[in-house]
Amino acid sequence: MAASSYRPECSRLVGICVLLGALWKIQAEQIRYSVPEELEKGSYVGNIAKDLGLEPRELSERGVRIISRGRTQLFALNPRSGSLVTAGKIDREELCDRSPKCVVSLEILLEDKVKIFGVEVEIIDVNDNAPSFGTEQREIKVAENESPGTRFPLPEAFDPDVGVNSLQGYQLSSNVHFSLDVQSGADGIKYPELVLELALDREEEAVHHLLLTAFDGGDLPHSGTVKIHVTLVDTNDNAPVFTQPEYHVKVPENVPVGYRLLTVKATDPDEGANGEVTYSFRKVRDKMSQLFQLNSLTGDITILGDLDYEDSGFYDIDVEAHDGPGLRARSKVLVTVLDVNDNAPEVTVTSLTSSIQETSSPGTVIALFNVHDSDSGENGLVTCSILGNLPFTLEKTYGNYHRLLTHRTLDREEVSEYNITVTATDHGTPPLSTETHISLQVADINDNPPAFPHASYSAYIPENNARGASILSIFAQDPDSTENARVTYSLAEDTLHGKPLSSYVSINSDTGVLYALCSFDFEQVRDLELLVTASDSGDPPLSSNVSVSIFVLDQNDNVPEILYPTIPTDGSTGVELAPRSAEPGYLVTKVVAVDRDSGQNAWLSYHLLKASEPGLFAVGLHTGEVRTARALLDRDALKQSLVVAVQDHGQPPLSATVTLTVAVANNIPDILADLGS
């Protein structure tokens with residue numbers, strides 16, 4: 001950015017033509033202007049837009065603003081012209097007192113680049129104050145026998161302006177007895193003295209009336225006057241004398257009100273009223289009179305108000321001792337105020353981001369803040385730190401500005417919100433600190449797929465279930481937030497026995513509950529293998545799969561089926577033969593049955609329910625074999641009828657029966673004569 005200057009039309013201000021907007025650049029990002037005091041609000045200071053390399057309209061577009069730490073803002077930005085202007089009338093004397101150079105520092109922030117520019121504006125003094133004596137008249141008592149050449153201190157005028165506009169000299173009204181001599185002290189201050197030129201005669205003229213005029217410089221000089229009444233008294237030939245021409249004292253800024261600073265002492269060898277010494281401040285200003293108090297009789301100087309090193313670190317107090325007739329002596333009290341660490345650092349956040357994406361790269365700027373400590377030396381040195389083991393770091397930038405940066409990539413699923421405490425601590429003893437709390441939200445991105453708590457799932461459903469029966473609830477969790485964590489469920493396409501799986505089961509896309517769409521038959525479908533997909537609603541969506549095994553449980557819904565003996569289709573009854581010579585245990589026949597169920601539901605047992613000749617035959621409980629229980633006798637009927645029951649072990653058990661006809665004969669022809677049909 002090149003240095004620039006601007007010279008507007010010269011206007012008449014206290015007789016001078018002022019050059020506005022003088023600008024020069026001493027180093028990168030440092031701009032300087034100068035402007036006279038007492039200009040009207042909105043007066044041009046400098047073309048800040050041009051010196052920042054911007055168009056005027058860009059000031060608001062790019063967030064250019066003046067940063068203030070709470071004090072009265074002296075300048076403002078004109079967004080239409082791009083100029084730095086005064087925010088009101090500036091009084092140099094109020095701002096900088098009598099400092100030879102008055103410079104106001106401010107910072108300009110470019111919000112979009114988070115960049116700071118330092119600006120210094122020198123306030124040029126104009127002659128807007130007249131010299132003032134602080135009193136309208138002063139009485140000087142002079143012994144009538146004073147010798148010509150005797151000097152008498154005169155009141156001094158004070159002009160708050162500086163340079164050529166400050167106090168330049170004094171003039172005394174014409175008088176044959178007195179003349180004016182102006183002395184210059186080591187501090188450059190002019191001290192007027194009244195010099196006796198001719199011997200006085202009280203009886204001839206008891207009082208002499210003089211007019212002392214003080215004038216300053218500048219194109220339009222100002223002046224102030226004080227009336228001097230010289231009253232002649234009888235001889236008082238000794239003036240008070242201070243024990244020291246200057247008193248030096250150092251005092252901490254935190255001493256309490258009422259603290260005795262020191263005692264000034266002056267002596268006068270005269271007797272009576274001529275030797276009685278009283279003390280007073282000379283040329284005391286309002287501010288100083290509010291801080292220090294002088295006991296006129298004892299010479300004790302005490303603290304009247306609170307001292308503040310940051311307001312002023314040094315005071316130059318003129319004291320005067322005078323005896324009864326009015327002879328005076330002069331001395332100085334030089335007070336050095338010692339800094340005490342009584343100001344904690346001030347932290348001003350100028351730019352702040354409240355939310356950051358979890359994928360933001362390390363070094364992302366979270367906040368820009370300024371640290372200031374009004375103390376001096378070690379008490380004003382400040383170190384900033386972050387409390388806790390947080391993934392952030394501090395970086396010092398321009399001047400006392402610091403940036404809060406991310407130190408590594410953040411993970412919202414690990415920490416979704418950070419409460420960052422920045423501590424600014426000075427180097428005083430004991431140190432003072434200030435904490436600033438910054439809240440940062442970590443914005444989510446879809447970087448986590450849904451996760452199932454189990455690698456696989458198994459479920460059991462009894463056959464003959466009702467349609468729509470709930471089988472199993474599956475749940476997947478996504479550690480992301482909002483839409484990125486909203487999970488939906490679906491089934492992978494597949495077939496079973498030539499039919500799609502979706503005709504057997506369905507899944508609720510929101511809850512993950514599996515439902516049966518049909519009534520299962522264990523004898524047809526014994527198990528299903530499914531693949532469930534959980535997908536989030538992020539962009540792009542992420543998903544995970546899990547396998548689900550569904551087992552159909554058998555129910556006792558099938559009665560035993562008798563395979564042998566078969567029932568004849570012509571309505572006749574099948575006949576089994578048992579020879580009369582059969583021994584006990586002879587196998588007559590075997591009942592064969594099956595059960596389509598499984599397990600206990602298919603475990604069959606055989607029972608003889610009814611027999612025409614009880615005790616003649618027995619049925620094997622597990623085999624179904626029909627055997628003779630004893631030897632056949634002649635009295636046993638040729639035709640025996642048996643009812644055999646086959647029963648499963650389900651709950652409740654199911655059963656079937658078969659009727660057997662057993663013919664007792666060695667062969668069929670033997671019994672044809674007895675069996676009709």
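Side chains included, hydrogens not; waters and symmetry mates left out as well; all remaining heavy atoms used.
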A quick test of your reading: do over 12 heavy atoms of other residues, nucleotides or ligands sit less than 6.0 Å from CG of Asn419?
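Yes, because the 6.0 Å sphere around CG of Asn419 holds more than 12 heavy atoms from other groups.
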Tell me whether Glu417 at atom CD has more than 12 heavy atoms from other residues, nucleotides or ligands lying less than 6.0 Å away.
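Counting neighbours around CD of Glu417, more than 12 heavy atoms of other residues, nucleotides or ligands fall under 6.0 Å, so yes.
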[X]/[Y] ion pair, N-O < 4.0 Å:
| X | Y | value |
| --- | --- | --- |
| Lys287 | Asp311 | yes |
| Glu246 | Lys332 | no |
| Glu111 | Arg65 | yes |

Does [X] reach the main-chain N or O of [Y] with its side chain, forming a donor-acceptor pair under 3.5 Å?
| X | Y | value |
| --- | --- | --- |
| Ser537 | Arg486 | yes |
| Glu122 | Lys101 | no |
| Asn341 | Pro430 | yes |
| Thr406 | Ser361 | yes |

Strictly by modelled atom types, are [X] and [Y] linked by a side-chain donor-acceptor pair under 3.5 Å?
| X | Y | result |
| --- | --- | --- |
| Asp444 | Asn484 | yes |
| Asp216 | Asn165 | no |
| His372 | Thr348 | no |
| Asp219 | Asn127 | no |

Please list, one pair per line, the donor and acceptor atoms closer than 3.5 Å that link side chains of residues 81-93 to other protein atoms, with sequence neighbours excluded.
from, atom 1, to, atom 2, distance (Å)
Ser81, OG, Ser83, N, 3.3
Ser81, OG, Ser83, OG, 3.1
Thr86, OG1, Glu40, O, 2.9
Thr86, OG1, Gly42, N, 3.2
Thr86, OG1, Ser43, N, 3.0
Lys89, NZ, Glu40, OE2, 3.4
Asp91, OD1, Glu93, N, 3.1
Arg92, NE, Ile123, O, 3.3
Arg92, NH1, Ser99, O, 3.4
Arg92, NH2, Ser99, O, 2.7
Arg92, NH2, Pro100, O, 3.1
Glu93, OE1, Asn129, ND2, 3.3

In this structure, is the centre-to-centre distance between the rings of Tyr401 and Phe369 below 6.0 Å?
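Judged by ring-centre distance (under 6.0 Å), Phe369 and Tyr401 do not meet the cut-off.
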Set out, in order, the CA-CA distance, both residues' side-chain angles and the distance that settles ring-ring contact (aromatic ring centres under 6.0 Å, His included) for Tyr418 and Phe392, then state yes or no.
CA-CA 10 Å; Tyr418 289 93; Phe392 304 97; 5.1 Å; yes
So Phe133 and Tyr170, would you call those rings parallel, tilted or perpendicular, with 30° and 60° as cut-offs?
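Because their plane-to-plane angle lies in the 30° to 60° range, the rings of Phe133 and Tyr170 count as tilted.
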Assign the ring pair Tyr489 / Phe452 to parallel, tilted or perpendicular, where the plane angle (0 to 90°) is split at 30° and 60°.
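Tyr489 vs Phe452 ring planes: tilted.
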Please list, chain by chain and in numerical order, all residues satisfying side chain to side chain contact (heavy atoms under 4.5 Å, CB included) with Asn448, sequence neighbours excluded.
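With neighbours one apart ignored, the set is Glu413, Asp478, Pro479, Asp480.
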